[in-house]
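Worksheet for the structure shown next.
A, B, ... follow the sequence lines: proteins, then strands. Residue 1 opens every chain.
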Amino acid sequence: NAGVMQNPRHLVRRRGQEARLRCSPMKGHSHVYWYRQLPEEGLKFMVYLQKENIIDESGMPKERFSAEFPKEGPSILRIQQVVRGDSAAYFCASSLTLGDRIDGTNHGYTFGSGTRLTVV
Amino acid sequence: DQQVKQNSPSLSVQEGRISILNCDYTNSMFDYFLWYKKYPAEGPTFLISISSIKDKNEDGRFTVFLNKSAKHLSLHIVPSQPGDSAVYFCAEIVLLSSGSARQLTFGSGTQLTVLP
C-alpha cells in the first residue's frame, strides 16, 4: 500500500496522558499536513511540515500540541496532558510538491485514513 | 467566522435522480475549490476541483458549478447511485500565512444518502 499511512487507527487515552499520532507520507512525498475533525465539523488545518522543518503551525493550539517530521521516520503529532476536548479524528495528508499542480486530476494532496482519538 | 459553509448537513436522494450539494464561501481570493468524498472510518478522497477562473468543470457523473458573484458553488451528481452515499466536503485552497504553501479550508460537510 503506497498511500498515506496513519497509526494507530484508534487511540484511547485517559485525561492527563500523552497521545502520539504517527503519519508516514506517500513514498517520495516531503510535505505533510495535519488536520483535525471535531464531531459534526469539517476538517481544520493544524500544521504543515517538511522534513525537519515546521513551515506553518498557525492552526495548532498554543499549548500541549506539537508536531515534528524528522529526517528519518514518520511525522509525529504529540498531544500532552490530553483533555476530553481533544477527542477527535486526526488526519494527515501528504503532497509531492507545494500542491501547486492542481488541475482536474492532480490536487496534490493525499489523505490518510485518520487516527480517532478518544479521551476518557 | 466560517469561511466555507455547507448549510445542509444532510441530503437524501432517490437512486437515478440528481444530487445537488451546495457550498458558500466568503473569501474571494482563492485559487481552487475542491470537493472531497468521505466514507466512515476513512480519510477524504479527492473528487473534483474547479479553478477560480472557470465556472464549470465536469468529470463523468460529477459537475461542479462556480458562481463567483454569489460566492456559491455546487456539486451535481447525476445519475446518483447508492455507492455515492458518503459525506461530501467542499474545500478552498488558500495560501498559508508563510506564503509558501497552501492549506485546505473545509466546509462542515453534507451527508448524502442515495436511496435504492
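Of the atoms belonging to A:Gln37, it is side-chain heavy atoms, and not backbone ones, that fall under 4.5 Å from chain B. For A:Arg9, the part lying near chain B is the side chain, with the backbone staying farther off; criterion is any non-hydrogen pair under 4.5 Å. Residue contact with chain A, scored on non-hydrogen atoms closer than 4.5 Å, is absent for B:Ala91.
Between B:Phe106 and B:Tyr36, a ring centre-to-centre spacing shorter than 6.0 Å is recorded.
Counting heavy atoms of neighbouring residues, nucleotides and ligands inside a 6.0 Å radius, atom CZ of A:Arg64 exceeds 12 of them. The number of heavy-atom neighbours closer than 6.0 Å to NZ of B:Lys54, taken from other residues, nucleotides and ligands shown, is 12 or below.
Side chain to side chain, B:Asp24 and B:His72 meet the donor-acceptor criterion of an N or O pair below 3.5 Å.
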